[in-house]
Participant: 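Please see the structure below; I have some questions.
Note that the coordinates shown come from a computational prediction; the quantities given were computed from them, not determined experimentally. Lettering follows sequence order; numbering is per chain, from 1. Worth knowing before you read on, the calculation uses all heavy atoms, side chains too, and leaves out hydrogens, waters and symmetry mates.
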Amino acid sequence: MTFAAHLEASSKGTGKATDPDFQDLNPTITYRHLYAQNLGVRDPLRVIALCDSDAFYAACEMVRLNTDKDTPLVVLQWDSLIAVNYPARKYGITRLKRYNFKELKLKHPDLMVVHVATYKEGEKEPGYWDDVDTKTHKVSLDYYRRESLKIAAMFKECLPGVEIEKASIDEAFFDVSKRVREIILERYPYLAQVPLDAPNGIDTPLPPPPPIPQSEVGYIIPINPCEEPKAEGVQADEPAVEGSSSAKQEGGSVFEDENQEENMPATWHDVALSIGAELIGKARQHVHETLGYSTSAGVAVNKFLAKLTASYKKPNSQSILRNSAIPNYLRPLAFRKIRFLGGKLGSAIAEEFKASTVGDLLSITLEDMQRKFGEDSIWIYEVLRGIDRSEVKEKKSTLNKSMLASKNLPTPITNASEGYNWIRVLAAELALRLNEARETCPNLWPKTIVLHARQGYSGLRSKQAPFPFTREVTVDAIAAAGDKLWKELVGIDLAMKVTSVQLAFTGIEGAEVGQRSIEGFFKAGQSGKRQRDDDEDDRDEFGRAFVDDGIADEGNDIATTSDTILAQGNTPAVSFVCPRCGKRISCHSQTMPSADQEDQLAAFRLEHDDFHFAQDLAKESTGGLVISGPSKGTPVGAVKGHMGPSNTSPKKKKRRKERPAMGIEKFFKKS
DNA sequence: CAATGCAAA
DNA sequence: GGTTTGCATTG
């Protein structure tokens, strides 16, 4: 085939992309695109997947109790259902309704009803008790968190070279573009070189994709959704009682489309999506086989569409949304189903434009949208047209930045001692969770502790305080800090009854999981960074000599020490000088044991190290622009906003500029 | 940094 | 609906 013919084909043969509402869904893909490594969100071969666990909490309990896969099971939290597995949905059980335990058992003798694990007053660890009472117990989701971590780790292992962003306890986004690109080049080696007769060299469009049938990669959403304008399953909570979705389980290998040509890849991006789906499908299968969790996935060109696609068919299946199918898929969709449009913003938009579907909003111009909802609502405009430039950003560690233990009090408490009692329970949970996290990441500590409380009908109010670093984080220490906050927040006079108490750690930082331990860290700190090469006379900027304190191990000329200086009164200090910037960082405290000070210093050092790392990254992407001077407290986040070219996410709505006179009030009112 | 609010699962 | 989490905004 001549290239003139290719060009002809790529401009004319894809008539579907001419829909004026949906442009850019079928960009020409050239050899340059195929070879490029850093196209990021502009990659025309981008493949993103979202994978979520089916009825996750219920699945966890099934694994824990080793039930048969067909056992109907529900998870209870007090009197409400928080998870219903698919076999149980066949009974018409949904999460929304309220049930009581005995009622359920009577109606369905074979139904397993499990109450979530709870902390009991006084008990050190959560457990599955049969006498749960919201007055004395507190829910524990620890088991689910751990299982979630296992699944994430397995996905990571199965998918080398894939960016993974854990989006919640049961969901993750995958950017498989890189790996897919490699596979395309392996499978279609004739693409590895630009043909000699290519008219535009590397900017020549690729030849047409091979007409291989894509069969085992998942359900391909048709371009023309025949007699089913609304995709079933877009509603997350829809009970699977109808034959519709239960009849076609294992959708991965079943096609209802009689038109086989529909399933032929029409573009190289379609091929890429199929390869991405293969990768995800294999990983999902491995997770299913080894951990026992079934999942559903969506594969599409961006995060928002992947997320939407994942709910097309559940459970235990995956779907692919090709670009050509986007317009017809989106138009009838209730736009409130779109991520970040499900809340107040979504209802404000619905009201403003008297709209409910994506199609209803396509007639709204960008200008109108921005006039009503601020400059940044270009994000909304684009998302309605299938465009989403947000990146899949892998978190550095799987550790969360905050840890919250909370308890709602159906029977409000009226005296301080009850308050302290609950704080102890919450503190016990936090202690357990933090210390567990420290098993894999020893130098981990929360910068602050926060207490929230709701009194009467007012909203949540909060008080926070710095949380000191200690080697052992004890229940007592946390509870003491919590009690102090309680006094500031609610005082001793409980005229207003307390209906909710939450205790949280925030600003949790430390090394990465299983990466650098404290010892390893000192080694890592010097490797790769020259500077202090031959300077054996270790002196800081004040000329004080460093003393080896035994922490840094043999042959290690690291600038860390427990020198005692008397800079601040009589405060003993532990300090080090950064070999890169010469800054001295020290830790002083009258009360802290010196071992703890050293640990804290190690953490400071790590943080400082991270700062340099972040700064190096920033230099790469800003052409050497230094963002700010290094300091003890500068977190990795300093680089935020400089990382990607266009990481447009819904984040903030309106800013700086004058707020539009109209529309804003109702946006902030509750619906 | 402290406090509050929004959104999501 | 209850229990988390993360993020943005405002002071």
Participant: Provide, to the nearest angstrom, the distance between the CZ atom belonging to A:Arg339 and the C1' atom belonging to B:dA9.
Facilitator: 11 Å
Participant: Check the distance between B:dA9's C1' and A:Lys166's NZ and give it to me in whole angstrom.
Facilitator: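 To the nearest whole Å, that distance equals 11 Å.
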Participant: Are A:Gln77 and C:dG2 close enough that a side-chain N or O sits under 4.0 Å from OP1 or OP2?
Facilitator: no
Participant: Would you say A:Ser80 reaches C:dG2's phosphate, i.e. side-chain N/O to OP1/OP2 under 4.0 Å?
Facilitator: no
Participant: Answer yes or no on whether A:Arg433 is positioned over the face of A:Phe505, meaning its NZ or CZ is under 6.0 Å from the six-membered ring centre and within 45° of the axis.
Facilitator: no
Participant: What is the separation between atom CZ on A:Arg95 and atom P on B:dA9, rounded to the nearest whole Å?
Facilitator: 10 Å
Participant: With a 4.0 Å limit, can you tell me whether A:Arg336 has a side-chain N or O closer than that to the phosphate oxygens OP1/OP2 of B:dA7?
Facilitator: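 Answer no for this pair, as no side-chain N or O of A:Arg336 is under 4.0 Å from OP1 or OP2.
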Participant: Under 4.0 Å from OP1 or OP2 of C:dT4: is there any side-chain N or O of A:Lys138 that close?
Facilitator: yes
Participant: The side chain of A:Ser462 is closest to which nucleotide in this list: C:dC7, C:dT3, B:dA3?
Facilitator: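 So the side chain of A:Ser462 is nearest to B:dA3.
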Participant: Counting side-chain heavy atoms from CB outward, which of C:dG1, C:dT5, B:dA9 is closest to A:Leu404?
Facilitator: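 In terms of side-chain proximity for A:Leu404, the closest of C:dG1, C:dT5, B:dA9 is C:dT5.
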Participant: If I take atom CZ in residue A:Phe173 and atom P in nucleotide B:dA8, what distance separates them, rounded to the nearest angstrom?
Facilitator: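 Those two atoms, CZ and P, are 12 Å apart.
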Participant: Quick one: CE on A:Met369 to CD on A:Glu352, what's the gap to the nearest 0.5 Å?
Facilitator: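 Here the interatomic distance stands at 9.5 Å.
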Participant: Would you mind reading off the distance between A:Leu430 atom CG and C:dT3 atom P, rounded to a whole angstrom?
Facilitator: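 Computing the A:Leu430:CG to C:dT3:P distance gives 14 Å.
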Participant: For B:dA3, does either OP1 or OP2 sit under 4.0 Å from a side-chain N or O belonging to A:Lys463?
Facilitator: yes
Participant: Across the strands shown, which category fits A:Lys395 at heavy-atom distances under 4.0 angstrom: base, sugar-phosphate, nothing?
Facilitator: nothing
Participant: Can you list everything that forms a side-chain hydrogen bond (donor to acceptor under 3.5 Å, both in side chains) with A:Glu488? Sequence neighbours excluded, please.
Facilitator: none
Participant: Below the 4.0 Å mark, does B:dG5 have OP1 or OP2 next to a side-chain nitrogen or oxygen of A:Lys344?
Facilitator: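 No, no such contact exists.
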Participant: Let me know, please, whether A:Tyr57 or A:Arg433 comes out on the 5' side of the other along DNA chain C by nearest nucleotide.
Facilitator: A:Tyr57
Participant: Look at the side chain of A:Glu171 and decide which nucleotide, out of B:dA9, B:dA7, C:dT5, has an atom nearest to it.
Facilitator: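 So the nucleotide nearest the side chain must be B:dA9.
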Participant: When you measure from the centre of the six-membered ring of A:Tyr143, is the NZ or CZ of A:Arg146 under 6.0 Å away and within 45° of the axis?
Facilitator: no
Participant: Establish, with yes or no, whether the OP1 or OP2 oxygen of C:dT4 is under 4.0 angstrom from a side-chain nitrogen or oxygen of A:Asn400.
Facilitator: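 So the side chain of A:Asn400 is outside the cut-off, no N or O lying under 4.0 Å from OP1 or OP2 of C:dT4.
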Participant: Nearest whole Å is fine: how far is C:dT3 C1' from A:Leu76 CG?
Facilitator: 15 Å
Participant: Over 60° means perpendicular and under 30° means parallel, so classify the ring planes of A:Trp445 and A:Phe469, tilted if in between.
Facilitator: perpendicular
Participant: Would you kindly compare A:Gln464 and A:Gly342 by the position of their nearest DNA chain B nucleotide and give the one closer to the 5′ end?
Facilitator: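 Nearer the 5' end of the strand: A:Gln464.
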Participant: When you check the phosphate oxygens OP1 and OP2 of C:dG1, does a side-chain N or O of A:Asn408 lie under 4.0 Å from one of them?
Facilitator: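 It does not, given that no N or O in the side chain of A:Asn408 lies less than 4.0 Å from OP1 or OP2 of C:dG1.
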Participant: Cut-off 3.5 Å, side chains only: do A:Thr448 and A:Thr506 have a donor facing an acceptor?
Facilitator: yes
Participant: Have a look at A:Gly459 and say if it touches a base, only the backbone sugar-phosphate, or nothing, with a 4.0 Å heavy-atom cut-off.
Facilitator: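 A:Gly459: no heavy atom of the nucleic acid under 4.0 Å.
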Participant: Ignoring hydrogens and angles, tell me if any N or O in the side chain of A:Trp486 forms a donor-acceptor pair with the backbone of A:Tyr420 under 3.5 Å.
Facilitator: no
Participant: Could you tabulate the donor-acceptor pairs under 3.5 Å formed by side-chain atoms of residues 494-504 of chain A, not counting sequence neighbours?
Facilitator:
residue	atom	partner	partner atom	Å
A:Thr499	OG1	A:Arg454	O	3.4
A:Ser500	OG	A:Asn408	OD1	3.2

Participant: Please determine whether a side-chain nitrogen or oxygen atom of A:Arg461 lies at a distance below 4.0 Å from atom OP1 or OP2 of B:dT4.
Facilitator: yes
Participant: Atom CG of A:Leu399 and atom C1' of C:dG6: how far apart are they, to the nearest Å?
Facilitator: 15 Å
Participant: Starting at atom CG of A:Leu489, determine the distance to atom P of B:dT4, rounded to an integer number of angstrom.
Facilitator: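 Atom CG in A:Leu489 sits about 8 Å away from atom P in B:dT4.
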Participant: So if I take every side-chain heavy atom of A:Val139 and compare against B:dA9, B:dA3, C:dT3, which nucleotide ends up nearest?
Facilitator: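 Given the options B:dA9, B:dA3, C:dT3, the side chain of A:Val139 is closest to C:dT3.
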Participant: Checking all strands, does A:Leu341 fall into the base, sugar-phosphate, or nothing category for heavy-atom contacts under 4.0 angstrom?
Facilitator: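 A:Leu341: backbone/sugar contact only, no base atoms under 4.0 Å.
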Participant: Near DNA chain C, which residues from residues 141-150 of chain A have a heavy atom under 4.0 Å away?
Facilitator: A:Leu141, A:Arg145
Participant: Counting side-chain heavy atoms from C-beta on, which of C:dT3, C:dC7, B:dA7 comes nearest to A:Lys393?
Facilitator: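 Selected nucleotide: C:dC7.
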Participant: Can you confirm whether more than 12 heavy atoms, excluding those of A:Lys105, are under 6.0 Å from its NZ atom?
Facilitator: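 Enclosed: over 12 neighbouring heavy atoms sit under 6.0 Å from NZ of A:Lys105.
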